[in-house]
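Residue numbers start from 1 in every chain, and the chains themselves are labelled A, B, ... in the order their sequence lines are given, proteins ahead of strands.
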There are 2 protein chains.
Amino acid sequence: MTKTRAELTELEGTILGVVRRGGPMTAYAVRSVFLSSVSAEWSGSAGAVYPAITRLVRAGFLKESAVHDGRRSKTYALTRSGIAANDSWICDIGRAAGAGQDPFRIRAALWSLLPASRRRAMAKALIEEMKKRQTAVTAGLQNRGDPDAIMDQLYCMLLEQRIGWIKEKFS
Amino acid sequence: MTKTRAELTELEGTILGVVRRGGPMTAYAVRSVFLSSVSAEWSGSAGAVYPAITRLVRAGFLKESAVHDGRRSKTYALTRSGIAANDSWICDIGRAAGAGQDPFRIRAALWSLLPASRRRAMAKALIEEMKKRQTAVTAGLQNRGDPDAIMDQLYCMLLEQRIGWIKEKFS
DNA sequence: GTGCCCATGTAATCTGTTACATGATTAG
DNA sequence: CTAATCATGTAACAGATTACATGGGCAC
């Protein structure tokens, strides 16, 4: 009886998704996706990714793939049960309907407490930052053969809606 | 020299915000806010809230308030520096512009991998769940003198946008 | 008086972060 | 050859979760 956790963490599920979409790849490549992504908010730290992959291998969801690149790298791919596990993870309605610990919403609820001048300054700076990120994401969408396309598109929509909301409320 | 962390965690900042808006209150009352909130996604676990409040007291951001309720409860309120700390936390542009580890976006990026029938079933169930949450949040907005109003409103907007997006993409 | 909610806390565990350590391979 | 990048990992630490432990006050 191997002790098995009931559900994948968000990081584990995301790693499976990245490998599934990106084809057989190394742990390092998975990290790079996180490190370079504008909208996937993980540090991509080795201390998280390597242990997570170890867990996924032990659980039988990832296996070392035959594909190698001449380096000393290990390349991973999803197993059958890895695909099944990822399927039910992406179909987890309860989690998909939530917004996580959204740092924008949590703050927005408190902005009314600020003095008007500071609130206006904050709104202006925030809109600028959001537009900058939209630009960065849009540029990324054009340059790449893009695995992150949908996530980035949704992030852009989110930013668009929020910029509108801030303008309406704090201007 | 007391060792002081540079920035508040999301939980710490949120606790300060809850106490600031809700007036002097007990740790238990803070937990109840998290436990009952549809849109603030924390477990409200004692093991997170009590230690966090202890840290905030030690940092000088919360103090035991004079207000008591006849029980053995301790009631907390923000200090001057607690208000200042919360102000700069809610004005943290870098974090406010992000969307956190949004469980919807991460999954949406992978739904194209599902067989069409399963995808349609998932889309239908998800829309239902989202509508249910909208109803719950809307009901809450009417019943209460509401501290969570803005956060819940933004959650509703988010759900509205996503329901539209799912319908457009997966129907 | 007994069950339920108020109220506070701790212990074990898990996951993720930062920072460090190491070495292979390739581009200039 | 040497610097940058590829590549893998560990150690110390922080923060959150679940589950447990405890006890006071109130309603029936």
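Here the C1' atom of nucleotide D/dG15 and the CZ atom of B/R58 are 13 Å apart, to the nearest Å. Atom CE in B/M25 sits about 11 Å away from atom P in C/dT8, given to the nearest Å. Atom pair A/W42:CH2 and C/dT18:P shows a separation of 14 Å (rounding to whole Å applied). In this structure, B/F34 places its CZ atom 17 Å from C1' of C/dA7, rounding to the nearest Å. Protein atom CD of A/E10 is 13 Å distant from nucleotide atom P of D/dT17, rounded to whole Å. Residue B/R31 contributes atom CZ, which lies 12 Å from atom C1' of D/dA19 at whole-angstrom precision. Atom-to-atom, CG of B/L35 to C1' of D/dT17 comes out at 13 Å; the value is rounded to the nearest Å. Taking atom CD of A/E64 as the reference point, atom C1' of D/dT8 lies 12 Å away to the nearest angstrom.
Note: A/W165 and A/F170 have perpendicular aromatic rings, judged against thresholds of 30 and 60 degrees for the angle between ring planes.
The side chain of A/S45 contributes no N or O atom lying less than 4.0 Å from OP1 or OP2 of C/dT18. Side-chain N/O atoms of A/T9 include one lying less than 4.0 angstrom from OP1 or OP2 on C/dG16. Taking 4.0 angstrom as the limit, B/S73 places none of its side-chain polar atoms (N or O) nearer than this to OP1 or OP2 of C/dC6.
Of the candidate nucleotides C/dT15, D/dC6, D/dA16, D/dC6 has the atom lying nearest to any side-chain atom of A/Y28. Side-chain proximity of A/A27 to C/dT8, D/dT8, C/dG16: nearest is D/dT8. Looking at the side chain of B/L11, the nearest of the listed nucleotides D/dA7, D/dA16, C/dG16 is D/dA16. Taking the side chain of A/R55 as heavy atoms from C-beta on, and the options C/dT15, D/dG15, D/dT17, the nearest nucleotide is C/dT15. Closest to the side chain of B/Y50, out of D/dT8, C/dT17, C/dG9, is C/dG9. With C/dG16, C/dG9, D/dG9 as the choices, the nucleotide that has an atom nearest any side-chain atom of A/A46 turns out to be D/dG9. Here the side chain of A/K74 is nearest to one of C/dT18, D/dG9, C/dG9, namely D/dG9.
A salt bridge links A/R20 to A/D87: at least one charged side-chain nitrogen sits closer than 4.0 Å to a carboxylate oxygen. With salt bridges taken as basic N to acidic carboxylate O contacts below 4.0 Å, one links B/R107 and A/E10.
Evaluation of the ring-ring contact (aromatic ring centres under 6.0 Å, His included) rule for B/F34 yields B/W42 as partners, not counting sequence neighbours.
Annotation: A/F61 is not in aromatic contact with A/W89 [ring centroid separation under 6.0 Å not met].
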